S.K.: 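One structure coming up, written as structure tokens, with questions to follow.
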Amino acid sequence: MNETPDRATTVVKDPVRVRMAPSPTGYLHIGGARTALFNWLFAKHYNGKFILRIDDTDMARSTDESMHEIYTALKWLGLEWDEGGDKGGPCGTYVQSERKAIYEGYVAQLLESGNAYHCYCTPEELEEIRTQARGNKQLRSYDGRCRDLTSEVVERYVAEGRKPTVRIKMPETPIRVDDIILGSRNIDPATLEDEVIVRSNGMPNYNLTSIIDDAVMKITHVIRGTEHLNNTPKQIAIAIALGLNVPQFAHIPLVLDSSGRKMSKRHHGDLVAVNRYREQGYLPKAMLNFVVRLGWSYDDKQEIFSVDELIEKFDLERVGKSGSVFDIKKLEWLNSHYINQLDVAARTDAVIPFWQEAGLLNNSIENRSWLEDIVAAVGERLTTLQDIVPQTSYFFTDAFEYDPKAVKKWWGNSEEKRERTRAILTNISQILEEIPTFDIETIEAAIWKYTDENNIKRVAAMQGLRIALTGTSFGPSLFDIVVILSRATVLKRVQKALEFLSGNP
RNA sequence: GCCGCUAUCGUCUAGGGGUUAGGACGGGUGGUUCUCAGCCACCAAACCGGGGUUCGAAUCCCCGUAGCGGUACCA
């Protein structure tokens, strides 16, 4: 019982209450989505509550707009919260900037008990202390010089118009931090400095508000990114000084970019924005499945998890300790998997907004079954929903270019080859014009009959026709395309191709 | 600089004192097909290094090294 465990274990005695506490200073990013998901799954698994708290004590950077963007992104992912955000709950408002009075009470208590003090140092002075401390290889960058200011000095500072901050007085005894994922350790208090808990403008800081709200909101488990690991002992110290309950901690490893750095808005822009993936046609299920496997695994067999399965199987014990690289290829694979899982009707529903966005479709859908035919023809070729646009635009418009490489390969770049292509297209055109019923079986039989009897390679005939009808050398089965396009359009496009082929090669 | 965390194929990971170190993504090869995608089959690809402990270490211990995170009146 005296050995340090590699990990702490998840203890569940009270009803589980977890929270996601974003600061509304931008969109929800991948790392935030994963934190939200882990918290949400943990809550669902234990039948607990998932709380959304808005940590907006940095008034200069927080915006309402970003707060609403975070709501939207979370809702899109299906990570609904039980309390907080725009929803409220038994703890009143869950927006920290509106909870100032609560923190003020605790700060007064800290000041009174001598666990906190006013600091009159200016930013310039602090900067100087910092550089000096660094030069001297000091453990901390603030030396606690305002801990015992005489009343004369304080009066002078006040007279100068200095506005003080409030600092917490760090304890002298080691602080024990238990982490479900990373294990336990004792923090040497000499490495902890007297953190600013209230700014000179009166607004409290993260380390104070976070631990107070965690206690007040009866949060049982704090699941957050490891970038907060170094804040943990500070927050525990504040909780102890205030006599508040300390939640259990679980620090989840970071999501990294391909060069191993933390994914951040600052360095990766909207590449990390959840909204961007929605706009590009990724499915929430795919995002969730992808993101959960960044750091968590179930066994050596399963990659695909439904949300219900995740709720059942997720636990913190199987979250790894090291960071995980965001691999877009794997996301793409999962996304195509989930798109393919959709039946044609559902897939059509999913894809319609992307056609509309691209201007290929009006808001009023009159040709639903035709659209479904297109989706069925496209089959399992979509990686993202947005792929529907480049892959099917030729169904909606005649205005496409012939891909030069395809033209060169299949139509030929010599007059001789083009003459041959013209002959084939002319013949096929005639076959299609005369065919009694314009359906796949009849057309297929007629075309094969023509190619085989005339010793024409099937590929050559089909690819030649494909370019005429779509402009490209790849895509769905050509017979599907022909039927969906209708006889009139097909004949018209072959005519156009013949004219093109009569021009200069 | 200081504090802290981490370390299995390119990537996500399973495993863990004796295994051909398993799976998935990605990559490659072949098959199917009117193309592409898909599907099927196969292939290449890893235990950071050095010391211990042990009959035996990728696994346990120690020391390195590297990477990352933090180091604000941000969160």
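Both backbone and side-chain heavy atoms feed into the values below; hydrogens, waters and symmetry mates do not. All values derive from a computational prediction rather than experimental measurement. Sequence lines set the chain letters: A, B, ... in the order given, protein chains first and strands last, and positions in each chain run from 1.
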S.K.: Given the ring of A/Tyr142, does A/Arg145 sit roughly above its face, with NZ or CZ under 6.0 Å from the centre of the six-membered ring and within 45° of the axis?
M.R.: no
S.K.: For B/A37, which nucleotide is its Watson-Crick or G-U wobble mate, given both distances must be under 3.5 Å?
M.R.: none
S.K.: Taking any strand in view, what nucleotide pairs with B/A14 in a Watson-Crick or G-U wobble way, both distances under 3.5 Å?
M.R.: none
S.K.: Determine which nucleotide pairs with B/G56, using a 3.5 Å limit on both distances of a Watson-Crick or G-U wobble pair.
M.R.: none
S.K.: If the condition is ring-ring contact (aromatic ring centres under 6.0 Å, His included), which residues does A/Phe479 pass it with, not counting sequence neighbours?
M.R.: A/Trp448
S.K.: With sequence neighbours excluded, tell me which residues meet ring-ring contact (aromatic ring centres under 6.0 Å, His included) with A/Phe305.
M.R.: A/Trp296
S.K.: Identify, with sequence neighbours excluded, every residue that meets side chain to side chain donor-acceptor pair (under 3.5 Å) alongside A/Glu160.
M.R.: A/Arg162
S.K.: Take atom P in B/C55 and the same atom in B/A41, then report the distance between them in whole Å.
M.R.: 46 Å
S.K.: Once you apply the 3.5 Å cut-off to both distances, tell me the Watson-Crick or G-U wobble partner of B/G1, or none.
M.R.: B/U71
S.K.: Considering Watson-Crick and G-U wobble pairs with both distances under 3.5 Å, what does B/A46 pair with?
M.R.: none
S.K.: Mind checking what makes salt bridge (charged side-chain N to carboxylate O under 4.0 Å, His left out) contact with A/Asp327, not counting sequence neighbours?
M.R.: none
S.K.: Output one letter per nucleotide in nucleotides 8-13 of chain B: B when a protein non-hydrogen atom lies under 4.0 Å from the base, S when only the sugar-phosphate is that close, - when neither is.
M.R.: ---SBS
S.K.: To the nearest 0.5 Å, how far apart are CD in A/Gln96 and CZ in A/Arg53?
M.R.: 5.0 Å
S.K.: When you check every protein heavy atom under 4.0 Å of nucleotides 33-44 of chain B, what one-letter string (B, S, -) results, 5' to 3'?
M.R.: -BBBBS------
S.K.: When you compare B/G70 with B/G51, how far apart are their P atoms, in angstrom units rounded to a whole number?
M.R.: 36 Å
S.K.: With rounding to the closest Å, how many angstrom separate the P atoms on B/C62 and B/G67?
M.R.: 23 Å
S.K.: Rounded to the nearest Å, what distance is computed from the CD1 atom of residue A/Ile304 to the C1' atom of nucleotide B/C25?
M.R.: 10 Å
S.K.: Grab the NZ-P distance between A/Lys137 and B/G1 for me, whole Å please.
M.R.: 8 Å
S.K.: So, using side chain to side chain donor-acceptor pair (under 3.5 Å) as the criterion, who are the partners of A/Tyr282 when residues are at least two apart?
M.R.: none
S.K.: When you compare B/A58 with B/C9, how far apart are their C1' atoms, in angstrom units rounded to a whole number?
M.R.: 14 Å
S.K.: Partner lookup for B/U65, please. Criteria are Watson-Crick or G-U wobble with both distances under 3.5 angstrom; report none if nothing qualifies.
M.R.: B/A7
S.K.: Could you give the CD1-to-C1' distance, from A/Ile252 to B/C5, as a whole number of Å?
M.R.: 15 Å
S.K.: Please enumerate all protein N or O atoms sitting under 3.5 Å from an N or O of nucleotides 64-67 of chain B, with distances to 0.1 Å.
M.R.:
none

S.K.: For nucleotides B/C68 and B/U11, find the distance between their P atoms and express it as a whole number of Å.
M.R.: 14 Å
S.K.: Distance check needed: B/G69 C1' versus A/Lys321 NZ, whole Å only.
M.R.: 16 Å
S.K.: Rounded to the nearest Å, what distance is computed from the OH atom of residue A/Tyr298 to the P atom of nucleotide B/G15?
M.R.: 12 Å
S.K.: Summarise protein proximity over nucleotides 70-75 of chain B in one line of letters, 5' to 3': B for base, S for sugar-phosphate only, - for none, counting protein heavy atoms closer than 4.0 Å.
M.R.: SBSBBB
S.K.: Return the set of residues passing side chain to side chain donor-acceptor pair (under 3.5 Å) with A/Gln302 (not counting sequence neighbours), or none when no residue passes.
M.R.: A/Glu309, A/Lys313
S.K.: Specify the separation, in whole Å, of atom NE2 of A/His251 and atom C1' of B/C68.
M.R.: 16 Å
S.K.: Report yes or no: do A/Asn335 and A/Tyr277 form a side-chain donor-acceptor pair below 3.5 Å?
M.R.: no
S.K.: Would you kindly give the CG-to-C1' distance between A/Leu182 and B/G69, to the nearest whole Å?
M.R.: 12 Å
S.K.: Give A/Gln302 one of three labels, base, sugar-phosphate or nothing, depending on what nucleic acid heavy atoms sit under 4.0 Å from its own.
M.R.: nothing
S.K.: So does A/Arg381 pair up with A/Asp387, basic N to acidic O under 4.0 Å?
M.R.: no
S.K.: When you check the gap from the basic side-chain N to the acidic O, do A/Arg458 and A/Asp452 get nearer than 4.0 Å?
M.R.: yes
S.K.: Mind checking side chain to side chain donor-acceptor pair (under 3.5 Å) for A/Thr392 and listing every partner two or more places apart, or none if nothing turns up?
M.R.: A/Trp355
S.K.: Expressed in whole Å, how much space separates the C1' atoms belonging to B/A57 and B/U8?
M.R.: 14 Å
S.K.: If the P atom of B/C2 is compared with that of B/G17, how far apart are they to the nearest Å?
M.R.: 37 Å
S.K.: Decide whether A/Asp178 and A/Ser184 meet the rule of one side-chain donor and one side-chain acceptor closer than 3.5 Å.
M.R.: yes
S.K.: Name every donor-acceptor pair, under 3.5 Å, that has one atom in a side chain of residues 462-476 of chain A and the other anywhere in the protein, sequence neighbours excluded.
M.R.:
from	atom 1	to	atom 2	distance (Å)
A/Gln463	OE1	A/Arg466	NE	3.1
A/Gln463	NE2	A/Ser473	O	2.8
A/Arg466	NH1	A/Pro476	O	2.9
A/Arg466	NH2	A/Pro476	O	3.0
A/Thr470	OG1	A/Arg466	O	2.9
A/Thr470	OG1	A/Thr472	N	3.1
A/Thr470	OG1	A/Thr472	O	3.3
A/Thr470	OG1	A/Thr472	OG1	3.2
A/Thr472	OG1	A/Phe474	O	3.0

S.K.: Using ring centroids (six-membered ring only for Trp), state whether A/Phe290 and A/His337 fall under 6.0 Å.
M.R.: no
